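FYI, the numbering just counts along the sequence from 1. Bear in mind the structure is a predicted one, so any value in this text is a computation, not a measurement.
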Amino acid sequence: MISIIIPIYNAEQYLDSCIRSLVHQISYDDQIILVNDGSKDGSYDICCRYSNEYQNVILVNQKNQGVIIARKSGLSKVNNPYVWFVDADDFVERDAINEIKNKIKLYEPDILWFDYLRYDKENKYKKELSHFLFDKILNKSEIRKSIIPKMLYFDGFYDFGIEPSLWNKVIKKKFLVKAYRSVPHGIFLGEDGLILYQCVMEADTIYRFDKALYIYRETTGSVTQNRERQLFEQNKLLFSYWEKLMGDFFKDIANRRQFECYKMYLNWFAVEDNFIKIFMSKIHFIDKIKQLNKLKIKYKTSMNDSKLKISYWSNLTIPQFVKVFLLNRGNIISLYIIWRIGNYRSLKRK
């Protein structure tokens, strides 16, 4: 009934616990598809051990091509109607698969969406709450009315309506195959959102239930925490694909507003990433100012010089309001000063 795809790259530290949390729950008609994406550590050996021991654990071994290609390779091996992407450094609750199967049998949704726990470096668990707390099946009309208008931006700076992660959703294969067919391979930031939101817009039914089945492990090795440096270039590629994909969607003013908020949020990641580089560099103060002025140009270019009305945002705290206000004006130097004051001690420890 379910095919679980695990893209793997240099994940030997946590891979065994990830697979072990799943393999004892699956039945004869389920699959675990391990996609070793050119790992250079002991990940391949761990994959071989499980694929040799369990008949429905399948190993795909390939050269390193990134998570999008790895997932597509896994999809090509799927023989079940539902797919669950699991990250190699995470794990799942003991009865997760049984819970998922029960909901699928009851409701047959196009997308099954559940909560997750965050597992930090101090071995503490924290449940991450969704803004949508319903426990029911939604039809197409309800999805369009309640979910889509808030999926990219809910409130604050920054809460998504639907968090752009695939690992706490189980999705029908047919939607994923269609979504992955045209996604550029060079995207590494925001690719989950690209896939997920396409599926949401295509789905006729979504079942959301308030139970944490997935454990997201905070690690220094994760893709999102070790971001590459060319983030503005990545954002440009991501935004252009969004425009191409969702042209009709953005004709609606409310949808255009949430997309502009989303763009500012991702560009803030790029700005902050550059702040860290500038702070840690040994260059002279005057040269740092020059770098910040170049950063201002990059930011404004990525935002197409657009300014977002403050009415686009909701429930901003005072610090969030200041951040949005300064970003909107492109006042990068003032932002850097505020950011440096707030982060000085933690950055010095690095």
Side-chain angles (χ1 to χ4, degrees), residues 75 81-85 100 103-116 128-183 187 190-211 213-214 238-266 306 308-309 311-316:
L75 276 173
Y82 286 92
V83 176
W84 187 12
F85 290 113
I100 289 168
K103 298 299 183 184
I104 288 174
K105 289 174 183 176
L106 279 172
Y107 301 105
E108 298 183 356
D110 292 333
I111 300 175
L112 188 70
W113 167 23
F114 42 85
D115 287 334
Y116 68 97
E128 297 294 332
L129 297 175
S130 168
H131 290 289
F132 297 106
L133 298 177
F134 51 81
D135 192 343
K136 66 173 184 177
I137 189 84
L138 295 183
N139 61 31
K140 189 76 170 180
S141 174
E142 292 168 316
I143 294 168
R144 287 178 174 173
K145 181 179 178 181
S146 304
I147 301 295
I148 291 176
K150 289 281 189 178
M151 67 180 182
L152 284 170
Y153 173 69
F154 195 89
D155 65 8
F157 193 88
Y158 192 91
D159 286 335
F160 292 95
I162 305 178
E163 187 173 58
S165 55
L166 291 170
W167 35 255
N168 66 329
K169 288 91 180 174
V170 174
I171 303 172
K172 280 186 176 177
K173 175 188 174 182
K174 64 179 182 179
F175 294 107
L176 291 168
V177 169
K178 182 179 179 180
Y180 270 107
R181 192 172 292 140
S182 56
V183 172
I187 291 178
E191 72 274 7
D192 275 23
L194 270 178
I195 298 300
L196 175 63
Y197 297 136
Q198 287 184 73
C199 293
V200 170
M201 294 179 68
E202 290 282 340
D204 291 319
T205 54
I206 295 177
Y207 184 79
R208 160 89 179 85
F209 67 110
D210 184 24
K211 187 167 184 177
L213 302 180
Y214 191 93
L238 180 69
F239 299 154
S240 65
Y241 184 75
W242 266 101
E243 294 281 3
K244 179 182 176 182
L245 180 72
M246 304 281 203
D248 292 337
F249 177 71
F250 293 140
K251 289 178 182 177
D252 179 86
I253 294 174
N255 292 335
R256 168 56 65 175
R257 285 177 178 176
Q258 62 170 320
F259 179 61
E260 292 298 327
C261 291
Y262 174 69
K263 284 171 62 178
M264 180 181 279
Y265 175 66
L266 288 191
S306 62
L308 278 62
K309 294 179 181 178
S311 60
Y312 284 16
W313 306 89
S314 59
N315 298 326
L316 292 174

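Partners of F239 under the ring-ring contact (aromatic ring centres under 6.0 Å, His included) rule, at least two apart in sequence or in another chain, do not exist in this structure. Residues that satisfy the ring-ring contact (aromatic ring centres under 6.0 Å, His included) test with Y241, not counting sequence neighbours, are absent from this structure.
Residue-environment remark: CG (L106) exceeds the threshold of 12 foreign heavy atoms within 6.0 Å.
With a 4.5 Å cut-off on side-chain heavy atoms, D210 and D115 count as touching. Counting only heavy atoms from C-beta outward, the side chains of F175 and K178 never approach each other to under 4.5 Å. Contact check for N139 versus D204: no side-chain heavy atoms found under the 4.5 Å cut-off.
Contact check on K145 versus E142 returns no salt bridge, with no Lys/Arg side-chain nitrogen under 4.0 Å from an Asp/Glu carboxylate oxygen. The pair D110-K140 fails the salt-bridge criterion, with no side-chain N (NZ, NE, NH1 or NH2) lying under 4.0 Å from an Asp/Glu carboxylate O.
Between the CD1 atom in I195 and the OG atom in S165 there is a gap of 13.5 Å [rounded to 0.5 Å]. One finds the CG atom of L194 at 6.5 Å from the CD atom of Q198 (value rounded to the nearest 0.5 Å). To the nearest 0.5 angstrom, W313 atom CH2 is 12.5 Å from R257 atom CZ. Here K103 contributes atom NZ and L112 contributes atom CG; the two are 8.5 Å apart, rounded to the nearest 0.5 Å. Atom CD1 of I111 and atom CG of L166 lie 9.5 Å apart (nearest 0.5 Å). How far CD1 of I206 is from SG of C199: 9.5 Å, rounded to the nearest 0.5 Å.
Proximity of a side-chain donor or acceptor of N255 to a complementary backbone N or O of F249 within less than 3.5 Å is detected.
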Worked check of ring-ring contact (aromatic ring centres under 6.0 Å, His included) between W113 and F209 = CA-CA 7 Å; W113 167 23; F209 67 110; over 10 Å; no
Please report the C-alpha distance between L266 and L238 in whole Å, then the side-chain angles of each, then the deciding distance to 0.1 Å, and finally whether the side chain to side chain contact (heavy atoms under 4.5 Å, CB included) criterion is met.
-> CA-CA 10 Å; L266 288 191; L238 180 69; 3.3 Å; yes
Under the side chain to side chain contact (heavy atoms under 4.5 Å, CB included) criterion, do M201 and M151 qualify, and how do the steps go?
-> CA-CA 10 Å; M201 294 179 68; M151 67 180 182; 3.8 Å; yes
I100 vs L213, side chain to side chain contact (heavy atoms under 4.5 Å, CB included): CA-CA, chis, key distance, verdict = CA-CA 9 Å; I100 289 168; L213 302 180; 3.8 Å; yes
Quick one: do K251 and E243 satisfy salt bridge (Lys or Arg N to Asp or Glu O under 4.0 Å)? Show the steps, please.
-> CA-CA 11 Å; K251 289 178 182 177; E243 294 281 3; over 6 Å; no
Do F259 and M246 pass the side chain to side chain contact (heavy atoms under 4.5 Å, CB included) test, and can you show the C-alpha distance, the side-chain angles, and the key distance before you say yes or no?
-> CA-CA 10 Å; F259 179 61; M246 304 281 203; over 6 Å; no
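Separation of the W84 and F114 ring centroids falls under the 6.0 Å cut-off. Annotation: Y265 is in aromatic contact with Y158 [ring centroid separation under 6.0 Å]. Between W167 and F85, the ring centre distance reaches or exceeds 6.0 Å.
The salt bridge (Lys or Arg N to Asp or Glu O under 4.0 Å) analysis of residues 151-171, with sequence neighbours excluded, yields no pairs.
Taking the ring centre of Y82 as origin, the terminal cationic atom of K173 falls outside the region bounded by 6.0 Å and 45° from the ring axis.
Taking the six-membered ring where the residue is Trp, Y107 and Y207 present parallel rings, their angle staying beneath 30° rather than reaching 60°. Aromatic ring orientation, Y197 versus Y262: perpendicular (interplanar angle above 60°, classes split at 30° and 60°).
Residue G193 comes nearest to P164 through the heavy atom pair CA-CB, 3.7 Å, listed as atom of the first residue, atom of the second, then distance. For the pair I137 and P109, the tightest heavy-atom approach, listed with the atom from each and the gap, is CD1-CB, 3.8 Å. The two residues N168 and Y116 come nearest to each other via the heavy atoms ND2-CD2, 3.8 Å. Nearest heavy atom pair, residue Q258 against residue K150, reads OE1-C, 3.8 Å. Looking at every heavy atom in both residues, R144 comes nearest to P149 through O-CD, 3.1 Å. The shortest heavy-atom contact between Y153 and C261 is CG-CB, 4.1 Å.
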